[in-house]
Amino acid sequence: SKRGPSNAILAPNFKFEDMGIGGLDTEFSAIFRRAFASRIFPPGLVEKLGIQHVKGILLFGPPGTGKTLMARQIGKMLNAREPKVVNGPEILNKFVGQSEENIRKLFEDAEKEQKEKGDESGLHIIIFDELDAICKQRGSTGGGTGVGDSVVNQLLSKMDGVDQLNNVLIIGMTNRMDMIDEALLRPGRLEVHIEISLPDEAGRFQILTIHTAKMRNNGVMAADVDLAELAGITKNFSGAEIGGLVKSATSFAFNRHVKVGSVAAFDDVENIQISRVDFMHALDEVQAAFGVSEEELQ
Ligand code: ATP
């Protein structure tokens with residue numbers, strides 16, 4: 001046969017460092033090795049090995065840890081089409097048949113392109129965020145609408161159909177691995193499971209570095225800000241919370257420039273500097289908002 005259809009080409013000059021993902025190098029390598037390496041093998045090798053590409057992966061772990069970020073960046077890396085992102089709860093529709101129709105539509109473009117271009121079809125990535133939401137109601141009696149059942153079935157049948165579609169990769173995401181229907185996790189479906197956990201201190205340092213890159217490069221971050229110190233005192237923060245911390249610190253710095261007696265005018269704001277004290281105020285604020293306790297931060 002010809003060149004593998006899913007020999008998606010790595011985007012030129014791709015580097016993990018440029019992806020803007022902190023602390024997930026190991027996870028990324030695992031995903032790459034298990035789910036993508038075969039897609040960039042030299043022509044003919046997949047056939048020679050007699051293997052099939054992985055058609056689906058599941059990223060699981062706490063909210064805000066970079067699952068969506070990772071899924072999107074993988075798409076970029078593989079030169080895939082802009083991924084279709086759907087949200088579990090969004091798919092569920094109170095109108096009978098509409099949810100199944102929504103799922104069917106998701107696969108439509110990939111099917112069409114495979115038909116038209118065969119092995120030359122590009123890679124289509126479908127991202128299912130909050131996948132647990134459609135599983136919740138499966139098999140539930142009473143309370144649930146029962147719609148989840150048929151939606152999962154439709155998804156299963158589409159995934160199995162993907163066997164004939166070499167140009168589809170499904171990335172499921174969830175914070176609730178325990179809720180995911182086992183049938184979805186079988187070989188040929190979402191068969192590779194990668195946990196994306198909260199970042200450790202080194203990971204938090206990388207994430208802080210990413211989220212402050214602009215302000216540091218543009219000279220608006222004060223010299224007294226020590227990212228290593230911040231990484232040390234943000235235990236249990238997710239990547240999203242670290243992003244929130246940086247935003248909050250910026251707002252405290254702004255606040256120093258608010259014109260006296262005004263709420264909407266700034267004084268000398270061009271010379272803004274985000275300082276250590278802003279990060280400390282931000283920490284207090286974020287901790288209060290997320291209910292992070294003192295012990296958790298020790
Ligand atoms: P959810 O389960 O709530 O959908 P998620 O794991 O998909 O969460 P993302 O949506 O990828 O999380 O993360 C939200 C934002 O938090 C990102 O857009 C990014 O700004 C920041 N973020 C999260 N994790 C990281 C990370 N590892 N490195 C850099 N930024 C991160």
Side-chain angles (χ1 to χ4, degrees), residues 14-32 35 56-77 80 82-92 125-136 169-180 184 190 192-217 221 227-228 230-232 234-251 274 279 282-283 285-286 289-292:
F14 166 81
K15 285 202 224 80
F16 180 74
E17 303 89 86
D18 298 340
M19 288 173 87
I21 303 176
L24 295 173
D25 320 35
T26 317
E27 289 81 353
F28 181 76
S29 305
I31 294 172
F32 186 78
I57 66 177
L58 183 74
L59 305 180
F60 66 100
T65 44
K67 296 184 287 298
T68 312
L69 201 59
M70 181 82 96
R72 284 187 175 280
Q73 295 291 43
I74 285 167
K76 277 193 199 145
M77 178 190 85
E82 184 63 19
K84 285 190 186 169
V85 186
V86 284
N87 193 277
E90 258 168 43
I91 285 278
L92 295 176
I125 296 184
I126 301 172
I127 300 177
F128 272 94
D129 200 2
E130 297 183 66
L131 186 63
D132 45 281
I134 62 170
C135 298
K136 257 176 209 158
L169 179 85
I170 303 162
I171 306 181
M173 298 189 297
T174 184
N175 311 320
R176 295 293 308 273
M177 186 65 169
D178 57 307
M179 301 283 286
I180 303 296
L184 282 167
L190 302 178
V192 171
H193 314 146
I194 307 277
E195 181 168 15
I196 309 287
S197 20
L198 287 174
D200 60 9
E201 189 167 336
R204 295 195 299 273
F205 180 79
Q206 282 181 26
I207 297 170
L208 281 160
T209 304
I210 290 165
H211 283 264
T212 59
K214 284 243 166 80
M215 56 179 76
R216 284 181 298 108
N217 292 338
M221 196 162 97
L227 296 186
L230 291 174
T234 46
K235 200 173 164 212
N236 290 323
F237 273 54
S238 67
E241 286 165 351
I242 291 174
L245 181 79
V246 173
K247 267 188 214 151
S248 167
T250 311
S251 74
I274 323 298
F279 275 97
L283 260 177
E285 185 170 76
V286 171
F290 291 123
V292 185

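Order of listing sets the numbers, starting from 1, for every ligand and every atom in it.
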Backbone of Gly61 reached by a side-chain donor or acceptor of Lys67 within 3.5 Å: yes

Donor-acceptor pair, side chain of Ser248 and main chain of Gly244, under 3.5 angstrom: no

Gly64 heavy atom under 4.0 Å from ligand 1: yes

Contact with ligand 1 for His211, non-hydrogen, under 4.0 angstrom: yes

Numbered atoms of ligand 1 (with element) below 4.0 Å of [X], judged on heavy atoms:
X: Asp129; answer: 4 (O)
X: Gly20; answer: 28 (N), 29 (C)
X: Thr65; answer: 5 (P), 6 (O), 12 (O), 23 (C), 24 (N), 27 (N)

[X] and [Y]: which non-hydrogen atoms are nearest, and at how many Å?
X: Leu208; Y: Leu230; answer: CD1-CB, 3.7 Å
X: Arg204; Y: Asn236; answer: NH1-N, 4.2 Å
X: Met70; Y: Glu27; answer: CE-CB, 4.2 Å

Atom pair CD1/CG of Ile196 and Asn175 - distance to nearest 0.5 Å: 12.0 Å

Between OG1 on residue Thr65 and CG on residue Leu59, distance to nearest 0.5 Å: 9.0 Å

Does only the side chain of [X] get under 4.0 Å from ligand 1, or the backbone, or both, or neither? Count heavy atoms.
X: Ile207; result: side chain
X: Ile196; result: neither
X: Asn175; result: side chain

Starting from [atom], locate the nearest protein heavy atom and write down its residue, its atom name and how far away it is, to 0.1 Å.
atom: atom 22 (N) of ligand 1; answer: Gly239 C, 3.6 Å
atom: atom 18 (O) of ligand 1; answer: Leu69 CD1, 4.2 Å
atom: atom 7 (O) of ligand 1; answer: Thr68 OG1, 2.5 Å
atom: atom 14 (C) of ligand 1; answer: Ala240 CB, 4.0 Å

Under-4.0 Å salt bridge between Glu201 and Lys235: no

Test side chain to side chain contact (heavy atoms under 4.5 Å, CB included) applied to Val85 and Arg72, Met173, Glu90, the passing residue: Arg72

Nitrogen or oxygen of Gly22 less than 3.5 angstrom from that of ligand 1: yes

